[in-house]
Asks: 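Following this message is one structure expressed as structure tokens.
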Amino acid sequence: MDPEPFQALPEEWERALAIVAHPDDMEFGAAAAVARWTGQGKQVVYCMVTSGEAGIDGIEPDRSRVLREAEQVESARIVGVDVVQFLGLPDGILEYGVPLRRSITEVVRQHRPEIVITGNFRDTFGGRNLNQAGHIAVGKATLDAVRDAGNRWVFPEQLGDGLEPWGGVTEVWAAGSPDSGHGVDITDTFPAGVASLAAHKAYIDGLGWENFDPEEFLEGFARSTGTRMGVPMATGFEVFAMGWGG
Ligand SMILES: [Zn+2]
């Protein structure tokens, strides 16, 4: 039996905020979708909860942080994202909980997006590929923070000085979830997505994966996801509707 076809994600929105644990998280799948949206004139802002400073075995964190932030800024630029915010929380030991929710809530209140994008935060990527603790913590905290942001009695110390509650996020989209039911046609913007991943050069070199080719890597996922939408290439997302009703 064929799997259920993916529905196309809505495109009647203007502002999205992507919140992920590490530099490179957007580029392992979602960046080509971002390129499509920015090409339509939408605004997308990136927020990195950590700077991925614990991500390269051969480079100690102080140096790695600088390299990885620079690679992320360039990688974002390639897909039309001009604002990349780094929260500077510690890489590798993020915990789901109130402090993380507080940090993310503040970012949601600052940017006032309609759509929030995050990475897959299910236990696996499908099959036996286990997800990583930082991704799970950030995804779960992001869902909560989107609700916290609209409640003036939650983290009230953030309010004032121009910061107001923001309850305008209609949906949270988790890229690459094994429970995806929606997709984005990335056929035209796939090359931008590849270039965006290739910009993480120090990271890719540091992985030590023999002959890693960003294009080949991304193409396999994009084509198999594309078949679920009836297009050559697509990226899958799990949709979480925020608020009640609707
Ligand atoms: Zn990551």
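Whatever order the structure lists ligands and atoms in, that order sets their numbers, starting from 1.
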Asks: Thinking salt bridges, do Arg102 and Glu157 make one under a 4.0 Å N-O criterion?
Replies: yes
Asks: Do you know which N/O/S atom name in His135 is closest to the Zn ion (ligand 1)?
Replies: NE2
Asks: What is the name of the N/O/S atom in Asp25 that sits closest to the Zn ion (ligand 1)?
Replies: OD1
Asks: Work out which heavy atom in Gly236 is nearest to a heavy atom in Phe6; give both atom names and the distance.
Replies: CA-CE1, 4.0 Å
Asks: Flag the pair Arg77 and Glu74 as a salt bridge only when some basic side-chain nitrogen lies within less than 4.0 angstrom of an acidic carboxylate oxygen.
Replies: yes
Asks: Would one find an N, O or S atom of Asp24, in either backbone or side chain, under 2.8 Å from the Zn ion (ligand 1)?
Replies: no
Asks: Judged by modelled atom types alone, do Thr187 and Asp185 share a side-chain donor-acceptor pair under 3.5 Å?
Replies: yes
Asks: Taking just the N, O or S atoms of His22, which one is nearest to the Zn ion (ligand 1)?
Replies: ND1
